[in-house]
Peer 1: 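The structure under discussion is supplied below as structure tokens; questions concerning it will follow.
Quick caveat: nothing in here was measured; it's all calculated off a predicted structure.
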Amino acid sequence: MKPSPVLEWVNAGLLGAATIVLSLIAQPPSPVHPERLAHNARHALPVYAKRTLDFGAEAASADVRRLGDWVASRADNRGLPFVLIDKPRAHVFAFDAAGRLLGSAPALLGAARGDDSVPGIGERPIADIKPSERITPAGRFIGRPGHNANGEDIVWVDYDAAVSMHRVRTTNPRERRAQRLASPGVDDNRISYGCINLPPAFYDGVISPMFSRGRAMVYLVPDRRTLAEVFGMPDPRPAAPTTQLAQAAVR
């Protein structure tokens with residue numbers, strides 16, 4: 001007996017589906033293009049692991065410890081060595097790519113307190129920079145080895161703003177920069193035009209070898225702004241109750 005048109009349609013559909021399944025099984029999976037792999041890696045959700053950076057026996061402020069833990073936990077240093085600069089306390093801490101402390105030292109910083117470089121300041125002659133503009137900026141920078149106009153090796157922190165790390169400059173005896181570095185307090189460590197001046201032994205023994213292999217990350221704790229404002233870190237302070245916020249709004 002001749003099959004009905006409906007049965008022929010069903011049989012044809014089943015045969016077509018079976019053919020598609022067999023063809024998929026017989027064919028090897030298509031290779032993923034390297035660019036697609038890179039795209040997926042860039043857009044993958046980051047995996048964070050809580051870490052506490054070890055400062056050893058070095059005294060470190062709560063802010064620089066919080067910043068260090070944040071860098072280590074997020075692997076924000078991108079597998080590079082990194083430097084933490086505590087501006088309020090004029091102190092520098094250097095770490096290798098794995099977060100091991102390499103050394104620390106006092107530093108001389110910009111004479112003016114603030115956290116943002118004046119726009120275009122890197123293009124201006126030093127003689128034209130006002131005292132209020134001599135700021136060491138806060139934030140996260142990719143430091144690179146380089147040389148200044150005199151051929152001296154330095155580390156560029158913010159090239160556009162002409163901010164670098166280098167050995168302490170003692171060409172002007174009246175500034176007493178070496179004595180400022182050696183003094184126990186921090187009030188006299190604000191003297192430069194914005195660059196980070198370091199003890200020669202620390203620069204030659206720790207900083208220079210770090211950057212001899214290329215780049216490293218540099219993080220500077222702010223003077224006035226918060227770590228949350230500068231780095232986007234969570235603010236550890238508890239939120240004010242709603243009633244307090246309402247009372248503050250009417251004062």
Side-chain angles (χ1 to χ4, degrees), residues 77-78 80-97 102-183 186 188-223 230:
N77 57 312
R78 305 179 186 178
L80 297 173
F82 59 98
V83 179
L84 303 178
I85 301 178
D86 191 345
K87 287 208 302 166
R89 291 157 187 82
H91 211 84
V92 176
F93 303 87
F95 295 85
D96 68 10
L102 298 175
S104 72
L108 301 182
L109 304 168
R113 282 173 170 76
D115 297 315
D116 299 290
S117 296
V118 176
I121 197 167
E123 303 296 326
R124 289 161 51 185
I126 283 189
D128 293 344
I129 298 176
K130 302 174 183 177
S132 62
E133 298 174 329
R134 299 172 186 177
I135 295 172
T136 301
R140 174 183 182 275
F141 299 90
I142 301 177
R144 296 176 172 85
H147 293 83
N148 61 14
N150 297 323
E152 177 189 8
D153 63 293
I154 61 174
V155 171
W156 287 114
V157 175
D158 186 348
Y159 183 84
D160 291 338
V163 175
S164 66
M165 283 192 292
H166 53 71
R167 302 170 188 85
V168 62
R169 299 269 166 74
T170 57
T171 52
N172 186 348
R174 290 179 299 176
E175 291 181 337
R176 303 178 64 254
R177 293 198 180 196
Q179 290 87 342
R180 290 170 183 268
L181 270 178
S183 69
V186 298
D188 61 348
N189 288 51
R190 310 305 286 255
I191 184 67
S192 78
Y193 281 78
C195 289
I196 300 108
N197 286 218
L198 299 172
F202 178 72
Y203 184 90
D204 292 332
V206 177
I207 297 298
S208 184
M210 279 181 65
F211 286 88
S212 65
R213 301 177 182 87
R215 303 175 301 170
M217 303 301 294
V218 181
Y219 302 85
L220 293 102
V221 174
D223 282 321
V230 174

Peer 1: Test your reading of the model: is there a side-chain donor-acceptor pair from Asp153 to the backbone of Pro145, 3.5 Å cut-off?
Peer 2: no
Peer 1: So Val92 and Phe202, do their side chains get closer than 4.5 Å, heavy atoms only?
Peer 2: yes
Peer 1: Report the distance from atom OH of Tyr203 to atom CD1 of Ile154, rounding to the nearest 0.5 Å.
Peer 2: 7.0 Å
Peer 1: Is the NZ or CZ atom of Arg140 positioned over Tyr219's six-membered ring, under 6.0 angstrom from the centre and within 45° of the axis?
Peer 2: no
Peer 1: If you round to the nearest 0.5 Å, how far is CZ of Arg113 from NZ of Lys87?
Peer 2: 9.5 Å
Peer 1: Minimum heavy-atom separation for Ala216 to Met210, with atom names?
Peer 2: CB-CE, 4.2 Å
Peer 1: Between Arg177 (side chain only) and Thr170 (backbone N and O only), is there a donor and an acceptor less than 3.5 Å apart?
Peer 2: no
Peer 1: Here's a test for you: under side-chain contact (heavy atoms from CB on, under 4.5 Å), which of Val168, Ile196, Thr136 qualifies with Leu108?
Peer 2: Val168
Peer 1: Would the distance check show the side chain of Asn150 and the main-chain N or O of Glu152 forming a donor-acceptor pair, the cut-off being under 3.5 Å?
Peer 2: no
Peer 1: Report the relative orientation of the aromatic rings in Trp156 and Tyr159; use parallel for angles under 30°, tilted for 30 to 60°, perpendicular for over 60°.
Peer 2: perpendicular
Peer 1: Please tell me whether Ser192 and Asn197 have a donor and an acceptor in their side chains that are separated by less than 3.5 angstrom.
Peer 2: no
Peer 1: Quickly, which of Ile207, Leu102, Leu220, Val155 forms a side-chain contact (heavy atoms from CB on, under 4.5 Å) with Val83? Name it, please.
Peer 2: Ile207
Peer 1: Look at the side chain of Asp223 and the backbone N and O of Asp115, then say whether any donor-acceptor pair between them is shorter than 3.5 Å.
Peer 2: no
